[in-house]
**Student:** 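Quick one: the structure is below, and I'll ask about it shortly.
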2 protein chains.
Amino acid sequence: MLKKANRMSLVEQVISQIENLIESGHWTVGSKLPPEMELMEKFEVSRNTLREAIHALVHAGLLETKQGSGTIVRSSSALEATMHRHIAKSNLVETLEVRLALEREAAQLAAKRRGEEDIDILKTCIKQCRNAADKGELEEFISADIKFHKSLVKAANNQLLQDLYEHMTDPLYFSIQDVMVMDSEFDYEKEIHSELLEAICQKNVEDATKYVNEYINEFKKRLSR
Amino acid sequence: MLKKANRMSLVEQVISQIENLIESGHWTVGSKLPPEMELMEKFEVSRNTLREAIHALVHAGLLETKQGSGTIVRSSSALEATMHRHIAKSNLVETLEVRLALEREAAQLAAKRRGEEDIDILKTCIKQCRNAADKGELEEFISADIKFHKSLVKAANNQLLQDLYEHMTDPLYFSIQDVMVMDSEFDYEKEIHSELLEAICQKNVEDATKYVNEYINEFKKRLSR
DNA sequence: ATAAACCAATCATCCTACAACTTTTAAGGG
DNA sequence: CCCTTAAAAGTTGTAGGATGATTGGTTTAT
């Protein structure tokens, strides 16, 4: 089953394997892990070793155990879990400020490094935004809007930036929604996004900076109301 | 010694207490923990419970155990440890980009919200930079320079931003040093910092933005060489 | 004096047993 | 037959002991 990687302890090996099973999607978020007995046999370790591994992951935020019930997958990424905890302790405005800082940088980087397929995705997002706005579907609009911003960050081609942004955006979903709902100026959003996309498309960093700053300032204005 | 917080499992309680002892400085980074036997008695738990707690902290990156030798404190913050691991996997440029994104935002926020004591600290840092530059003490200069940037971020008055920045800066210390050494244009650094401080002092957001962007662009230019 | 052998301290792993909690099953009364 | 309730089974939590593996220092022999 497992080879003797002498540099890693048994516990570390088990932790690693469990992490892989979670990250690979074999155990999805929310699903229940097999009981300890089965896992002991599966990994060929004692109960202590297995439990130490599981507890390490519980503390890391990836798993959650309930006595008498079982162990479930709580999160699929250690960074996400750490961010969750940290965000829970800080206030909403602070988190949004950081998120916008990342977005500002992302727009500038995207203008330099975006690929052709990024453009396609962003265009699709804007189309979805327009459709939703025309139909007056607020929920749908916000969903497409967030997708646009995530895609924008992805186009920046920086994995760490993307990870941080997404792990910061997801826990804030409803808060963002609230800010967006405050005044539903669909048209404004639509325009900004189009202009920003155009700048990124032409790799015009200055314009991209200008438009993303406009958007961020508008967002912050709403936030302070 | 042991408080009965029945909400938490014994393991979690032990983890919490160890974390507190580390964060409070009772056990400093690099120091050795007492052997398991003593800790068992101190926390009044069994060996399994204690070991599960210690291993959780090992996996979190706060502790490090060596068979036959003992357990030492490796880091004092979970976020820092997570960052360390994540940064180790992504490349240097990506991390620096994110760090600069945070710094850009910090400068703008600092221009709005800095207190009087922030100004004093920043002035002191610049003074130290100048002294070190005049004496040609590179090491000292870089140290003071980093302190200036950290203080700048602190003046932004955003705890999450500060935590992320610091935990991103510390693991990059030597990399930053390398970039700074590349060409030691002390004068340039000195000027930018003075101008930036002046803008922050006068709560002039536009100027602060301008100067921090200059600094960041210069830094990035060096990075790409 | 140096290197090999030894020894004590310490962590790593495994084992068994029982306690506490949850879910499922079954029994009993209406 | 249905509902309530009690028993049973399943699962994680805690305890304590036994043995192996590794490290660091000490002693001993050359």
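Just so it is clear: chains get the letters A, B, ... in the order the sequence lines come, proteins before strands, and each one is counted from 1.
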**Student:** Verify the ring-centre separation between Phe219(A) and His149(A): is it less than 6.0 angstrom?
**Tutor:**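 No, ring centres 6.0 Å or more apart.
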**Student:** Rounded to whole Å, please give me the gap between CD in Glu52(B) and P in dG16(D).
**Tutor:**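 So the two atoms are 14 Å apart, to the nearest Å.
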**Student:** Closest approach to the side chain of Val45(A), judged atom by atom: which nucleotide of dG16(D), dC14(C), dG24(D) is it?
**Tutor:**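 It is dC14(C).
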**Student:** Rounded to whole angstroms, how far apart are CE on Met40(A) and P on dG10(D)?
**Tutor:**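 For the pair Met40(A) CE and dG10(D) P, the rounded distance is 16 Å.
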**Student:** Nearest to the Glu36(A) side chain among dG20(D), dC15(C), dT12(D), which nucleotide is it?
**Tutor:**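 Nearest to the side-chain atoms of Glu36(A), counting from C-beta on, is dT12(D).
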**Student:** Of the options dC14(C), dT19(D), dG13(D), whose atoms approach the side-chain atoms of Gln67(A) most closely?
**Tutor:**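 The closest nucleotide is dG13(D).
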**Student:** Measure CZ/Arg51(A) against P/dC15(C) and give the value in whole Å, please.
**Tutor:**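 It is 16 Å, rounded to the nearest whole Å.
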**Student:** Return no unless some side-chain N or O of Thr49(A) is found under 4.0 Å from OP1 or OP2 of dC14(C).
**Tutor:**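 The answer is yes; a side-chain N or O of Thr49(A) sits under 4.0 Å from OP1 or OP2.
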**Student:** What is the distance, rounded to the nearest whole Å, between atom CE of Met37(B) and atom C1' of dA15(D)?
**Tutor:**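 Answer to the nearest Å: 13 Å.
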**Student:** If you only use heavy atoms from C-beta on, which nucleotide in dA12(C), dG13(D), dC14(C) is closest to the side chain of Asn48(A)?
**Tutor:**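 For Asn48(A), the side-chain atoms sit closest to dC14(C).
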**Student:** Starting at CZ of Arg47(B) and ending at P of dT13(C), how long is that distance when rounded to a whole Å?
**Tutor:**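 Computing the Arg47(B):CZ to dT13(C):P distance gives 11 Å.
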**Student:** In whole angstrom, what separates Ile54(A)'s CD1 from dG13(D)'s P?
**Tutor:**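 After rounding, the gap between these two atoms is 8 Å.
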**Student:** Given atom CG of Leu10(B) and atom C1' of dG16(D), what is their separation to the nearest angstrom?
**Tutor:**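 Taking CG of Leu10(B) and C1' of dG16(D), I get 15 Å after rounding.
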**Student:** Would you say the side chains of Gln159(A) and Asp163(A) form a donor-acceptor pair under 3.5 Å?
**Tutor:**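 Distance-only check passes for Gln159(A) and Asp163(A).
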**Student:** Please state whether the phosphate of dT22(C), meaning OP1 or OP2, lies under 4.0 angstrom from any side-chain nitrogen or oxygen of Ser69(A).
**Tutor:**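 Answer is no, no contact under 4.0 Å.
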**Student:** Would you say CZ of Arg104(B) has more than 12 non-hydrogen atoms from neighbouring residues, nucleotides or ligands within 6.0 angstrom?
**Tutor:**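 Above 12, so yes.
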**Student:** When you get a sec, tell me which of dG24(D), dC14(C), dA12(C) is the closest nucleotide to the side chain of Ser46(A)?
**Tutor:**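 Out of dG24(D), dC14(C), dA12(C), the nucleotide with an atom closest to Ser46(A)'s side chain is dC14(C).
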**Student:** Under 4.0 Å between a side-chain N/O of Thr65(A) and OP1 or OP2 of dT11(D), yes or no?
**Tutor:**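 Thr65(A) to dT11(D) OP1/OP2: no side-chain N or O under 4.0 Å.
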**Student:** Check Lys150(B), Glu103(B), Arg99(B) against Thr169(B) for a side chain to side chain donor-acceptor pair (under 3.5 Å) and give me the one that passes.
**Tutor:**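 Answer after filtering Lys150(B), Glu103(B), Arg99(B): Arg99(B).
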**Student:** Among dA12(C), dT11(D), dT14(D), which nucleotide sits nearest the side chain of Val11(B)?
**Tutor:**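 Of the options given, the side chain of Val11(B) lies nearest dT14(D).
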**Student:** Rounding to a whole Å, what distance do you find between Leu50(A):CG and dT13(C):P?
**Tutor:**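 That distance rounds to 12 Å.
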**Student:** Considering only NZ, NE, NH1 and NH2 on the basic side and carboxylate oxygens on the acidic side, decide whether Arg113(A) and Glu97(B) come within less than 4.0 Å.
**Tutor:**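 Answer for the salt bridge query: yes.
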